[in-house]
Amino acid sequence: MHQNQNLIRPDIADMAPYTPIVPFDVLSQRLGIPAEDIIKLDANENAYGPSPRVYQALANEPYYHIYPDPGSTSLRQALSEYTGVNAAHIVVGHGADELIDLIIRLFITPGDAVINCPPTFGMYRFDTELNGGTLIDIQRTPDFSLDTEAVERTMPHCPKLIFITSPNNPDGGVLPDACLRKLLALPLIVVLDEAYIEFSGGSRAQWVLAHENLIVLRTFSKWAGLAGLRIGYGIFPHWIGTHLLKIKQPYNVNVAGTTAALASLDDVAYLLDNVAKIQAERERLYDALARFDFLQPYPSQANFILCRVVGRDAAALKESLAQQGILIRYFNTPGLQSHIRISVGKPSDTSALLNALSAKN
Ligand SMILES: *Cc1c(COP(=O)(O)O)cnc(C)c1O
């Protein structure tokens, strides 16, 4: 231990170390399978990749040597057309992940409470803990619905924020309008994470105009295939956006990401056609998974399918698929014991997965 160890913030010194995922190229070497032959269905990335216009725009971008526009003016204008919300409501981030952190930093000082509704995306917990907030976990019901009454019962603790994902990661279920209305009636800020909304439709981005306590988060990572370039955005009420801009790093969004996002918004029809292919593949994959007696898939509105694994070891199943170069996500957290999540890829990815699953039978 270093002699100055005690200078580290005590809450961080006590934190468990982060367990990083094995990078793609390292895994490919370890398995002896070329990277392009690995079927990556573990992180809900888009198997179709970016629009071809993204590669062209990145190759032709002349201003990599100039700092980016801190206000992301052109991208926010293009996003305004895409979302139908005035650009003044939009803040762009280095992925939606950055905006989750910024929102928590804006509202939470140590001890303030944040409502998290697991099983769900892990970053709400991570950023709340990192910022010294107190998590109130309101476990979802066995079918992954939100327990709005349990949320209402937390009001005496004066929670400042609630994070809701719709469609939810990892089950793919959508939050009904009636539930969202109940949450919006509470004295807190509702952060609705719509990372997968293009796969379900029915965005509530417009609701922000009518609700001063609603924030909607979106991203280019999933529908537009830009996960590696880190572009997300949020739709904010004016009174929140103004303060958020004060604490954002000026150059949080880089030139390459901006260029790629603009080129994507210039090719929406192409990208939504890929989304439609993924939606169709989701239904094929669901039906096929349901035919295995050891898998119970949940209906999903996103680009992944959660399955309960019955009568066999889910961790071993994940590992055996990994040995064959097929990566899926395995969970063993409360509410997700013995579950796996499979991202929807191309038809050829589904076929390879089904082959591997059948061979194991
Ligand atoms: C993937 C994911 C994100 C991450 O978005 P980035 O823009 O890549 O940071 C955010 N929220 C949920 C629920 C996700 O699953």
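Start at 1 and go down the list; that is how both ligands and their atoms are numbered. Below, each value reflects all heavy atoms present in this structure, side chains not excepted, and no hydrogens, waters or symmetry copies. Count residues from 1 along the sequence. Values in this document were obtained by computation on a predicted structure and should not be read as measured data.
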Which bit of Ala195 is near ligand 1, meaning a heavy atom under 4.0 Å away: side chain, backbone, both or neither?
side chain

Ligand 1 versus Asp97, non-hydrogen atoms closer than 4.0 Å: side chain, backbone, both, neither?
both

State the atoms of ligand 1, each with its element, that fall below the 4.0 Å cut-off from a heavy-atom position in Ser221.
6 (P), 7 (O), 8 (O)

Would you find a donor on one side and an acceptor on the other, under 3.5 Å apart, between the side chain of Gln301 and the backbone of Pro167?
no

Against the six-membered ring of Phe199, is Lys222 placed for a cation-pi contact (under 6.0 Å from the centre, within 45° of the normal)?
no

State, with a plain yes or no, whether a side-chain heavy atom of Ile162 is found less than 4.5 Å away from one of Leu183.
yes

When you measure from the heavy atoms of Asn44 to every atom of ligand 1, does any distance fall below 4.0 Å?
no

Ion pair check, Asp97 and Arg230, cut-off under 4.0 Å
yes

min-distance protein heavy atom vs atom 12 (C) of ligand 1 -> Asp193 OD2, 3.4 Å

Given that the side chain starts at C-beta and the backbone is N, CA, C, O, which of these parts of Tyr196 lies under 4.0 Å from ligand 1, counting heavy atoms, or is it both or neither?
side chain

With heavy-atom distances below 4.0 Å as the criterion, list the atoms of ligand 1 near Gly95.
6 (P), 7 (O), 9 (O)

With atoms numbered from 1 as shown, which atoms in ligand 1 lie under 4.0 angstrom from a non-hydrogen atom of Thr165?
13 (C)

Classify the ring geometry of Trp239 against Phe107: parallel below 30°, tilted from 30° to 60°, perpendicular beyond 60°.
perpendicular

For the residue pair Arg218 / Ser203, report whether a side-chain donor-acceptor contact shorter than 3.5 Å exists.
yes

Report yes if some N/O of Tyr124 lies less than 3.5 Å from some N/O of ligand 1; otherwise report no.
no

Ignoring hydrogens, just give me the one of Lys222, Met123, Arg218, Arg230 whose non-hydrogen atom is nearest atom 3 (C) of ligand 1.
Lys222

Test side-chain hydrogen bond (donor to acceptor under 3.5 Å, both in side chains), reference Tyr196, set Thr219, Thr165, Asn44, output is Asn44

Salt bridge check, Asp112 against Lys160: does any charged N sit closer than 4.0 Å to a carboxylate O?
yes

Would you indicate which of Ala43, Pro170, Ala96 comes nearest to atom 5 (O) of ligand 1 when only heavy atoms are counted?
Ala96

